[in-house]
Amino acid sequence: MSALAALIRRDIKIALRVGGGALIGVLFFLTVTVLMPFAVGPDLALLSRLGPAILWLGALLASLLTLDRLFTADHEDGSLDLIVMSRTPLELACAAKALAHWIAAGLPLIVATPVLGLLLNLDGTATLAVAATLLAGTPALTFTGMIGAALAVTLHRGGLLLAVLVLPLSIPVLIFGVAASQAAISGPLPFGTPFSILCALSLASLVIGPFAAAASLRHGLD
């Protein structure tokens with residue numbers, strides 16, 4: 001457990017430093033949210049209706065933007081080989097790296113959501129609903145994206161492959177995240193149904209993601 005805690009602390013420090021990637025995701029999320037009102041126009045009712053979808057799409061793209069750094073830096077400096085050969089199970093190490101990535105890159109998006117919701121004409125209830133769905137759904141984006149990052153780490157220009165692999169797997173999370181947000185804001189569907197499915201997707205990715213990523217890393221590094 002001490003080795004996993006040290007790995008989490010190390011990855012968070014690397015992600016938060018200049019050029020680590022976490023700040024890039026937040027700035028991209030901010031850019032998407034700020035530019036969207038200019039594209040939609042002055043219709044505040046339309047903007048508030050599209051607000052949850054805009055926030056979720058921005059979070060999805062911001063998460064995808066930083067996923068390529070999950071294993072690439074460790075592969076370049078050789079520390080990934082040490083992680084694979086260490087006594088710590090590779091599945092737990094992958095889960096620890098994904099958790100550190102979510103804390104450094106995913107949690108700031110959730111914290112920024114209440115402020116960015118004001119730019120989309122969302123009231124307090126709607127903004128809190130979107131933040132709750134992001135809190136429940138962004139772990140699924142991270143742990144699902146970890147599989148694509150593990151597959152692409154040993155490939156030349158693997159960033160394109162990462163996007164092709166991760167985006168289709170992220171569509172269900174996007175659908176139920178937006179559906180839960182809309183249900184909490186305007187109905188008529190109950191909030192609990194899509195939110196429960198969203199939580200189930202995150203739990204499933206939490207179980208499947210580390211094992212699939214570990215198998216991909218073992219196969220790619222052999």
Should Ile175 and Leu60 be regarded as members of a common hydrophobic cluster, given that ILVMFWY residues are connected when their side-chain heavy atoms come within less than 4.5 Å of each other, either directly or indirectly?
no

State, to 0.1 Å, how close Thr144 and Ser205 come at their nearest heavy-atom pair, and which atoms those are.
OG1-CB, 3.6 Å

Any side-chain heavy-atom pair from Leu7 and Ile83 closer than 4.5 angstrom?
yes

Nearest heavy-atom neighbours spanning His101 and Leu70
CB-CD1, 3.6 Å

With a 4.5 Å limit on heavy-atom distance, are the side chains of Val178 and Pro194 in contact?
no

For Asn121 and Leu44, indicate whether the former's side chain and the latter's backbone hold a donor-acceptor pair under 3.5 Å.
yes

Tell me whether Val130 is reachable from Leu118 by hopping between hydrophobic residues (I, L, V, M, F, W, Y) whose side-chain heavy atoms are closer than 4.5 Å.
no

Are the side chains of Leu206 and Pro139 in contact, using a 4.5 Å heavy-atom criterion?
no

Do Ile185 and Leu119 belong together in a cluster built from hydrophobic side chains that touch within less than 4.5 Å?
no

Report the residues that fulfil side chain to side chain donor-acceptor pair (under 3.5 Å) with Thr193, sequence neighbours left out, ordered by chain and then residue number.
none

For residues Leu116 and Phe38: do they belong to one hydrophobic cluster (side chain heavy atoms under 4.5 Å, members Ile, Leu, Val, Met, Phe, Trp, Tyr)?
yes

Quick one: closest heavy-atom pair of Leu134 and Thr138, and the distance?
O-OG1, 2.5 Å

For Phe195, which fellow cluster members are found when Ile, Leu, Val, Met, Phe, Trp and Tyr are connected by side-chain heavy-atom distances below 4.5 angstrom, either directly or through intermediates?
Phe191

Taking C-beta and beyond as the side chain, do Ser216 and Met146 meet within less than 4.5 Å on heavy atoms?
no

Within the side chain of Ser202, is there an N or O that forms a donor-acceptor pair under 3.5 Å with the backbone of Ala136?
yes

Go through Leu217 and Cys94 one step at a time and tell me if the side-chain contact (heavy atoms from CB on, under 4.5 Å) criterion holds.
CA-CA 10 Å; Leu217 289 176; Cys94 289; 3.8 Å; yes

Write down the atom of Ala100, the atom of Asp11, and the distance for their closest heavy-atom approach.
CB-CB, 3.6 Å

For the pair Glu91 (side chain) and Ala212 (backbone), establish whether a donor and an acceptor sit closer than 3.5 Å, ignoring hydrogens and angles.
no

Tested for side-chain contact (heavy atoms from CB on, under 4.5 Å) against Thr31, the lone hit among Leu35, Val34, Thr33 is Leu35

Quick one: pull up OG in Ser181 and CG in Leu128 and give me the separation to the nearest 0.5 Å.
11.5 Å

At what distance, to the nearest 0.5 angstrom, does CE of Met36 lie from CG of Leu55?
10.0 Å

Nearest 0.5 Å, please: how far is CG in Leu165 from CG in Leu67?
11.5 Å

Does any part of the side chain of Ile110, heavy atoms only, come nearer than 4.5 Å to the side chain of Trp102, both counted from C-beta?
yes

Apply side-chain contact (heavy atoms from CB on, under 4.5 Å) to residues Leu65 and Ile24 and explain how you reach the verdict.
CA-CA 8 Å; Leu65 187 66; Ile24 297 176; 3.6 Å; yes

Between Ser63 and Ala59, is there a donor-acceptor pair closer than 3.5 Å when you use the side chain of the first and the backbone of the second?
no

Under a single-linkage definition using a 4.5 Å side-chain heavy-atom cutoff for Ile, Leu, Val, Met, Phe, Trp and Tyr, are Leu64 and Leu169 assigned to the same hydrophobic cluster?
no

Sub-4.5 Å side-chain heavy-atom contact between Thr113 and Phe29:
yes

Atom pair CD1/CZ of Ile54 and Arg49 - distance to nearest 0.5 Å:
11.0 Å

Are Leu141 and Trp56 packed together at the side-chain level, in the sense that at least one heavy-atom pair is separated by less than 4.5 angstrom?
yes

Rounded to the nearest 0.5 angstrom, the NZ-CD1 distance for Lys13 and Ile8 is 13.0 Å

All heavy atoms of Thr66 vs all of Ala105, minimum pair found to be OG1-CB, 3.9 Å

Taking every heavy atom of Pro210 against every heavy atom of Val207, the minimum-distance pair comes out as CD-O, 3.8 Å

With a 4.5 Å heavy-atom cut-off, do Leu201 and Pro172 have their side chains touching?
yes

Any chance you could measure Phe143, atom CZ, to Leu99, atom CG, to the nearest 0.5 Å?
6.0 Å

